[in-house]
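To find a chain, count down the sequence lines: A is the first, B the second, and so on, and within it residues start at 1.
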Amino acid sequence: MAPLNQHFRILNTDPESAARCALLSTPHGQVLTPAFMPVGTQGTVKSLTPDTVKALGAEMILCNTYHLYLRPGHQLIASLGGLHSFMNWGGPILTDSGGFQVYSLGKLRKITPEGAIFQSHIDGSRHRLTPELAIEIQEALGSDIMMCLDECTPYPATFSEAEASLSLTLSWAERSRKARADSSPQALYGIVQGGMYPDLRKRAVEAIAAMNFDGCALGGVSVGEPKALMEQIVAETTPLLPADRPHYLMGVGTPEDIVKAVDCGIDLFDCVMPTRCARHGLLFTNTEKVVIKNARYRKDNGPLDSECDCYTCRNFSRAYLRHLYVAGEILAMTLNTLHNIRYYMRLMEQIRDAIGCGQYAAFKSRFLKDRQRVET
RNA sequence: GGAGGGGUUCCCGAGCGGUCAAAGGGAGCAGACUGUAAAUCUGUCGGCUCAGCCUACGGAGGUUCGAACCCUCCCCCCUCCA
């Protein structure tokens with residue numbers, strides 16, 4: 001394991017909650033947390049250049065082991081100098097292990113104790129993804145943070161299903177730990193599963209903590225369960241996590257989800273929401289839910305979000321953005337994604353500022369109240 | 001001038017005696033999206049006082065219990081021949 005004090009250093013903690021600011025150090029630079037990682041599954045944050053992603057304030061992005069393994073292949077990427085060089089992203093990269101694909105590609109996959117057997121969604125060919133192979137791929141890619149292969153427990157799951165799934169994830173975690181090269185500069189995070197059962201979550205945290213990973217992730221959340229249940233699981237599980245390691249809530253979430261989870265001590269987030277929703281025409285602002293294709297914006301000459309400092313908001317009207325979207329123009333995706341990512345980045349900046357000055361509770365309640373107004 | 005083919009709900013386009021407010025696209029309108037099989041998917045899509053009624057398949061008549069579908073005339077459009 002990389003020495004902990006070098007990977008994660010807490011800068012300050014909020015007096016009234018578990019929220020904290022920290023500095024995450026990786027071979028490709030540092031990341032201030034709480035941080036949101038834009039998702040770049042296939043080695044690209046869809047529709048944006050890496051320059052733009054960086055300029056928007058993103059310090060670390062997420063890429064996907066399974067997808068890059070299938071296409072173009074990790075060995076090819078390694079032979080071309082690694083993922084950073086291949087995609088021209090100089091900052092830190094976290095690679096998801098493919099565990100989520102074990103879940104999302106459910107119909108194309110079979111799970112055995114050894115690993116997951118996938119049928120490629122691209123050409124139907126069969127592949128066996130084991131914890132060891134997931135590490136090998138991530139080492140070939142050269143990501144800064146690797147994730148253990150896990151089984152993302154579906155919802156709903158009975159206790160015994162969740163328990164069986166958890167023990168598989170834990171055994172895979174142990175194998176991942178052993179598979180990783182001793183001298184590796186790449187961090188490795190374990191993943192806490194356990195479904196919606198607090199007892200299993202507790203057991204998972206204890207086991208993962210005992211394996212001494214560089215960071216602890218909470219997985220298997222926002223898989224279709226009621227929102228209140230997710231919040232409950234996060235609230236009950238986070239206090240059990242080792243305080244001196246980064247806490248990563250995988251696949252979450254909406255701005256509200258993030259603000260609430262930071263309160264529980266989560267440091268890292270990733271989610272397709274800002275990028276996917278942007279491509280589908282849903283744009284985030286603090287004052288209004290903007291579905292840019294709606295007819296009401298046809299003649300709206302105002303900026304998308306007057307509070308936002310992004311290129312889209314500074315230069316284009318809602319009427320133009322609607323036109324681009326409705327016309328199916330490729331620029332719509334770029335401008336929309338650019339804004340949504342900037343919205344998330346500004347949110348994280350505000351979160352870190354609020355923690356920095358010990359005002360997180362006030363920030364949180366004000367933010368949630370504002371968002372409630374937006375939704376209604 | 002002659003010979004064919006055709007006019008269907010916003011558009012394209014099926015239907016060719018009843019089960020037709022009329023397939024299927026498109027456009028329009030709205031919704032969903034949480035470790036990306038997603039520039040995707042879903043709903044809606046004549047009107048109303050909405051388990052019913054009204055208005056609709058170029059126009060006018062006719063046949064029939066019943067017509068978008070059959071017959072007659074008229075009006076347009078397209079192709080070929082002169």
For [N], does either OP1 or OP2 sit under 4.0 Å from a side-chain N or O belonging to [X]?
| X | N | answer |
| --- | --- | --- |
| A:Asn336 | B:A39 | no |
| A:Asn64 | B:G35 | no |
| A:Lys289 | B:C33 | no |
| A:Arg279 | B:U40 | no |
| A:Thr41 | B:U36 | yes |
| A:Arg298 | B:G28 | no |
| A:Gln101 | B:U36 | yes |
| A:Ser104 | B:G35 | no |

To the nearest Å, how far apart are [X] [atom1] and [N] [atom2]?
| X | N | atom1 | atom2 | answer |
| --- | --- | --- | --- | --- |
| A:Lys107 | B:A37 | NZ | P | 13 Å |
| A:Leu282 | B:C41 | CG | P | 18 Å |
| A:Leu48 | B:A39 | CG | P | 14 Å |
| A:Phe118 | B:U36 | CZ | P | 11 Å |
| A:Arg371 | B:U34 | CZ | C1' | 13 Å |
| A:Ile233 | B:G35 | CD1 | P | 18 Å |
| A:Asn340 | B:A39 | CG | P | 15 Å |
| A:Asp267 | B:G35 | CG | C1' | 16 Å |

* Do we count A:His280 as stacking onto B:U40 if the rule is ring centres under 5.5 Å and planes under 30°? -> yes
Under 4.0 Å, counting only non-hydrogen atoms across every strand here, what does [X] touch: a base, just sugar-phosphate, or nothing?
| X | value |
| --- | --- |
| A:Gly220 | base |
| A:Asp257 | base |
| A:Val326 | sugar-phosphate |
| A:Leu105 | base |
| A:Leu108 | base |
| A:Leu94 | nothing |
| A:Gln193 | base |
| A:Thr275 | base |

When you check the gap from the basic side-chain N to the acidic O, do A:Glu231 and A:Lys260 get nearer than 4.0 Å?
yes
Note to self: Classify the ring geometry of A:Phe363 against A:Phe367: parallel below 30°, tilted from 30° to 60°, perpendicular beyond 60°.
What the structure shows: parallel
A:Tyr66 vs A:His121 aromatic rings, parallel, tilted or perpendicular, using cut-offs 30° and 60°? tilted
Under a 3.5 Å limit on both distances, the Watson-Crick or wobble mate of B:A3 is B:U79
Re B:U44: Watson-Crick or G-U wobble partner, both distances kept under 3.5 Å, found to be B:G28
Practice item. Write down the distance separating the C1' atoms in B:A56 and B:G46, rounded off to the nearest Å. Key: 8 Å
Check your understanding: Roughly how far apart, to the nearest Å, are B:G26 and B:G43 at atom P?
Key -> 13 Å
ask   = Is there a donor on the side chain of A:Lys293 or the base of B:G31 sitting less than 3.5 Å from an acceptor on the other?
value = yes
If you go through the side-chain atoms of A:Asp150, does one of them form a donor-acceptor pair with the base of B:G35 closer than 3.5 Å?
yes
Does any part of the side chain of [Y], heavy atoms only, come nearer than 4.5 Å to the side chain of [X], both counted from C-beta?
| X | Y | answer |
| --- | --- | --- |
| A:Val45 | A:Ile61 | yes |
| A:Leu268 | A:Leu24 | yes |
| A:Tyr311 | A:Phe316 | yes |

Practice item. Would you confirm whether A:Arg177, through its side chain, and A:Trp172, through its main-chain N or O, come within 3.5 Å as a donor-acceptor pair? Key: no
